[in-house]
2 protein chains.
Amino acid sequence: MADSTAPTRVMMAVNESSLKGYPHPSISCRTAFDWTLSKLVRSNPGGFHFLFIHVQVPDEDGFDDMDSIYASPEDFHQMKRRDKIRGLHLLEYFVNQCHQLGIKCEAWIRHGDPKEVICSEVKRVQPDLLVVGSRGLGPFQR
Amino acid sequence: MADSTAPTRVMMAVNESSLKGYPHPSISCRTAFDWTLSKLVRSNPGGFHFLFIHVQVPDEDGFDDMDSIYASPEDFHQMKRRDKIRGLHLLEYFVNQCHQLGIKCEAWIRHGDPKEVICSEVKRVQPDLLVVGSRGLGPFQR
């Protein structure tokens, strides 16, 4: 049972909190992350490789900010840029955490319907494990 | 991330192979067990505590052995005793494996519908994780 094998690849879908303000991870995905650290990774950071995916929904992000008026293509361009920055800040949180704990990781953003995108990314990336935030449901599905 | 916390309690539902002969674990539950060892436990046996449950279906086990004739209460008593021995042999396999690897474990038998019994045992025992054999489905559900 020595760790001669490749690290266990844990894909984790992360999203922002629905609370407004500086982008920070939702409670459910932070709880799932902490659970994975304390219950699976435990004292063995070298045995795991985290893959963070953040799916942005094109029709949702930003459009409910009623303090913004979109009057030109440039407005939409800026909105997309801002969404991207928010997404990067979110991923930065998890990458920083992993870095501090000595866990290798990768993180990236995709756009579309989260359920569909996560499923297609699982097929593409073939992780050993998929962890998603609960929300009353169990956090684990493969 | 030191292992100062209690071990991660992994409940695992195990069953016999449907092949006849000396009781041995099904391929799917052995695969799930090996997967859990190589992907989650890895080099950290002290961080995990396995809980093996084997659910025996009263109306199924033994009754399809057409070489037996049940003519007295004693016949049924013997059948039950034989089922119990088969179940114990099955659990012995996993307990031995854990013992060799230095993983703490417990194992027990219950009777009834596996789905119902597993769910009620999860509620009772409150493991951190439930692992069941796949069979085309994912092996992980909490």
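Just so it is clear: chains get the letters A, B, ... in the order the sequence lines come, proteins before strands, and each one is counted from 1.
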>> If you define the side chain from C-beta out and look only at heavy atoms, does anything of L40(A) sit under 4.5 Å from D128(B)?
In response: no
> Does L88(B) CG have over 12 foreign heavy atoms under 6.0 Å away?
Replying inline: yes
> When hydrophobic residues are tied together by side-chain contacts of less than 4.5 Å, even through go-betweens, does L51(A) share a cluster with V95(A)?
Replying inline: no
> So do the side chains of K39(A) and T5(B) get within less than 4.5 Å of each other, counting heavy atoms only?
Replying inline: no
> Just wondering, are more than 12 heavy atoms of other shown residues or ligands nearer than 6.0 Å to CZ in R81(B)?
Replying inline: no
> For the hydrophobic clusters of this structure (ILVMFWY residues joined by side-chain heavy atoms under 4.5 Å, transitively), does one cluster hold both I27(B) and M12(B)?
Replying inline: no
> Taking all atoms of both residues into account, what is the closest heavy-atom pair of S38(A) and T8(B), and its distance?
Replying inline: O-OG1, 4.1 Å
